[in-house]
Number of protein chains: 2
Amino acid sequence: MCPSCLARAYAYARHQLTGDHLNVNLQDSAIVQQFLQHCSLSEEEKVLLLELEQNPIKASAGDIIWQENSKVDQFCTISQGWAYSFRNLGDGSRQILKVYLPGDIIGMRDFAFSNRLAGVAMIEDGVVSPFSHEHLLRIFRSSTALTAGLFAIVCRQQAMLTERLINLARRTAQQRLAHFLYEMYLRLERIGAVNNGRFRLPLSQEQLGDVLGLSAVHVSRTFTAFREEGLVLRDRHRVALLDPEALAQLSEFDGTYLNDAVPALFFDREWQSHMLAGTPIKNEEMVPVKSPSAQAD
Amino acid sequence: MCPSCLARAYAYARHQLTGDHLNVNLQDSAIVQQFLQHCSLSEEEKVLLLELEQNPIKASAGDIIWQENSKVDQFCTISQGWAYSFRNLGDGSRQILKVYLPGDIIGMRDFAFSNRLAGVAMIEDGVVSPFSHEHLLRIFRSSTALTAGLFAIVCRQQAMLTERLINLARRTAQQRLAHFLYEMYLRLERIGAVNNGRFRLPLSQEQLGDVLGLSAVHVSRTFTAFREEGLVLRDRHRVALLDPEALAQLSEFDGTYLNDAVPALFFDREWQSHMLAGTPIKNEEMVPVKSPSAQAD
DNA sequence: CGCAATGTTGAACTGGGTCAATTCTCGTGG
DNA sequence: CCACGAGAATTGACCCAGTTCAACATTGCG
């Protein structure tokens with residue numbers, strides 16, 4: 001059983017035992033896992049993170065975790081199930097901004113605001129753990145490593161958003177769907193939820209349309225096209241990517257934004273204490289590149 | 001002369017005097033201004049911020065500040081001129097991700113990566129000040145207020161990106177252009193660069209197309225339509241919004257993401273020291289809202 | 001002055017949307 | 001166990017916003 005499967009099994013078990021707190025193996029929370037992808041953590045830091053998940057609660061498919069424009073009082077992590085954030089538009093349509101999987105932190109974008117910019121809803125039954133603004137600030141004060149880790153996570157989210165933006169702005173329906181499927185494939189693979197290119201995708205075609213900026217009708221047509229081209233099979237909520245690399249290529253997928261590691265330097269503790277000692281900081285000089293012909297090509 | 005004009009005048013003057021360092025009035029840097037929108041700063045914190053701008057260098061229109069995929073070694077602030085970040089796509093087209101104005105910090109998204117996700121280029125002549133990764137980490141360690149401020153700025157960027165995403169995914173050409181113009185109008189107003197609805201917009205129509213996900217041809221047509229409807233006049237690089245509110249309404253502009261203040265609580269120093277004293281943190285319970293009919297409407 | 005970049009206008013094309021009819025799926029209750 | 005009904009997916013016909021291509025006008029700069 002791989003570590004990520006273990007983590008998920010553990011998360012489930014922990015949910016069962018109500019009232020368990022921090023006397024647990026600190027390795028196994030989905031959040032801790034997420035941070036460990038970025039940096040190493042002291043026990044103390046793990047405790048700080050685990051405290052984020054002290055109040056797990058169940059939520060059912062379709063539940064609204066919070067509404068657009070509601071007051072920002074807390075954030076949450078998701079330890080089971082899928083969720084998404086969305087905005088309702090004037091013409092009655094809806095844009096899904098991001099799909100959340102277990103281990104993700106939800107709502108950090110709202111940190112800087114007093115009202116929510118987007119609602120969040122459960123796609124299927126699951127477990128979320130709310131935590132407060134104050135908790136986040138406490139992390140800022142307690143640990144530079146965690147702060148940098150949080151910062152990195154937000155940056156990464158921004159990168160994903162950027163990628164999605166380019167998709168919606170510039171690419172065809174086939175490319176958009178291919179990109180989305182491939183991204184899900186990679187994200188799910190990391191948490192051990194892919195088997196030979198096959199995985200569960202609990203989104204309706206209408207929801208997919210809302211993710212991709214397409215009509216549900218055209219999502220259907222695009223799946224049909226993929227089936228006829230032998231790229232993707234789909235049955236209800238299960239999909240099989242027959243040729244993941246072809247999808248990646250079709251959609252010009254650049255995995256950097258998911259995989260590229262944070263430069264180790266920034267989490268090297270020795271280096272940090274060196275810095276703390278007050279060694280002066282020297283910026284290297286930056287020389288702008290003159291573009292060949294006055295204007296960028 | 002308004003404070004923001006003063007700040008710009010100052011920035012220019014400072015650029016002239018090479019070699020001046022921190023023995024200056026700490027109020028006047030564009031960055032400090034930006035932070036002051038979010039929180040109050042101690043003198044010490046202002047110094048930390050001003051150090052970001054120790055190495056101003058000139059850059060000319062069309063200069064590439066850094067290329068896509070180049071190594072991430074530093075970030076920079078922009079104190080004069082406009083810039084944009086962009087991605088080149090496989091089909092030869094290009095997406096402009098964000099337009100930067102004086103006072104903005106450029107490239108923070110790349111914090112979590114070893115290679116750049118996007119290039120940055122100058123739209124017109126200006127001044128940028130590179131600073132290093134290490135400097136950012138030093139800020140994390142030195143000041144919770146600045147850290148939270150940086151975090152807030154990144155969150156805000158994410159909010160702008162989200163807004164842009166919705167625009168590109170869901171709205172018509174007129175809405176996209178109206179939204180962009182109105183956003184620029186607000187951002188420029190804050191730095192004192194708008195006069196009675198009129199401002200300079202140094203982007204070519206091709207660049208506008210790259211921002212808006214439209215062809216340059218259609219940008220031209222859309223401007224024509226706005227002129228005929230008496231909404232916007234444009235002459236070369238100057239535009240006049242004849243009825244800004246009509247544009248805001250047309251594009252369903254929600255200014256929250258630009259204006260909404262960070263809840264004061266998070267920058268209240270007394271409260272912070274209270275927290276430092278170790279008062280226990282209690283999460284309020286969160287109750288998911290059951291949607292009316294099993295599924296979200 | 002002349003050339004290159006930028007902007008404008010028209011004509012024809014097309015990807016994806018909309019609407020509507022039909023089928024499929026599955027949960028429910030008789 | 002089956003019949004029913006509601007939501008989800010499919011398919012076809014038609015439409016339109018925005019693209020592409022091409023010709024032309026304007027601007028500005030060396």
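First the proteins, then the strands, lettered A, B, ... as listed; each starts at 1.
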Would you indicate what [X] reaches in the nucleic acid, counting non-hydrogen atoms under 4.0 angstrom: base, sugar-phosphate, or nothing?
X        : result
A:Gly209 : nothing
B:Arg234 : sugar-phosphate
B:Val217 : base
B:Ser215 : base
B:Arg221 : base

Value in whole Å for how far the [atom2] atom of [N] lies from [atom1] of [X]:
X        : N      : atom1 : atom2 : result
A:Asn167 : C:dG16 : CG    : P     : 12 Å
B:His218 : C:dC13 : NE2   : C1'   : 14 Å
B:Glu206 : D:dT19 : CD    : C1'   : 14 Å
A:Phe226 : D:dT10 : CZ    : C1'   : 17 Å
B:Gln207 : C:dA5  : CD    : P     : 14 Å
B:Leu208 : C:dG7  : CG    : P     : 8 Å
B:Arg170 : C:dT18 : CZ    : P     : 9 Å
A:Arg171 : C:dG15 : CZ    : P     : 18 Å

Looking only at heavy atoms, the pair that brings B:Ala83 and B:Met122 closest together is CB-SD, 4.0 Å
Considering only side-chain heavy atoms of A:Thr172, which listed nucleotide, D:dA8, C:dG16, D:dG18, is closest?
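The answer is C:dG16.
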Check every atom of C:dT8, D:dA9, C:dG16 against the side chain of B:Gln205 and return the nucleotide holding the closest atom.
C:dT8
Ring centres under 6.0 Å, that's the criterion: do B:Phe226 and B:Phe223 meet it?
no
Distance check, rounded to the nearest 0.5 Å: A:Gln207 atom CD versus A:Phe86 atom CZ?
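Those atoms lie 11.0 Å apart.
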Using OP1 and OP2 only, check whether a side-chain N or O of A:Gln174 sits under 4.0 Å from C:dG15.
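False: A:Gln174 side-chain N/O out of range (4.0 Å or more) of C:dG15 OP1/OP2.
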So, does B:Ser220 get its side chain near the phosphate of C:dT9, meaning an N or O under 4.0 Å from OP1 or OP2?
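Checking C:dT9 against B:Ser220, no side-chain N or O comes under 4.0 Å of OP1 or OP2.
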Pick the nucleotide of DNA chain C nearest each of A:Val219 and A:Asp235; which residue has the one closer to the 5' end?
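Nearest-nucleotide comparison on DNA chain C picks A:Val219.
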Apply the test side-chain contact (heavy atoms from CB on, under 4.5 Å) to residues B:Arg87 and A:Leu165: give CA-CA distance (whole Å), side-chain angles for both, the deciding distance (0.1 Å), then the verdict.
CA-CA 11 Å; B:Arg87 277 271 298 272; A:Leu165 181 140; over 6 Å; no
Counting only heavy atoms from other residues, nucleotides and ligands, does the tally under 6.0 Å from CD of A:Glu229 exceed 12?
yes
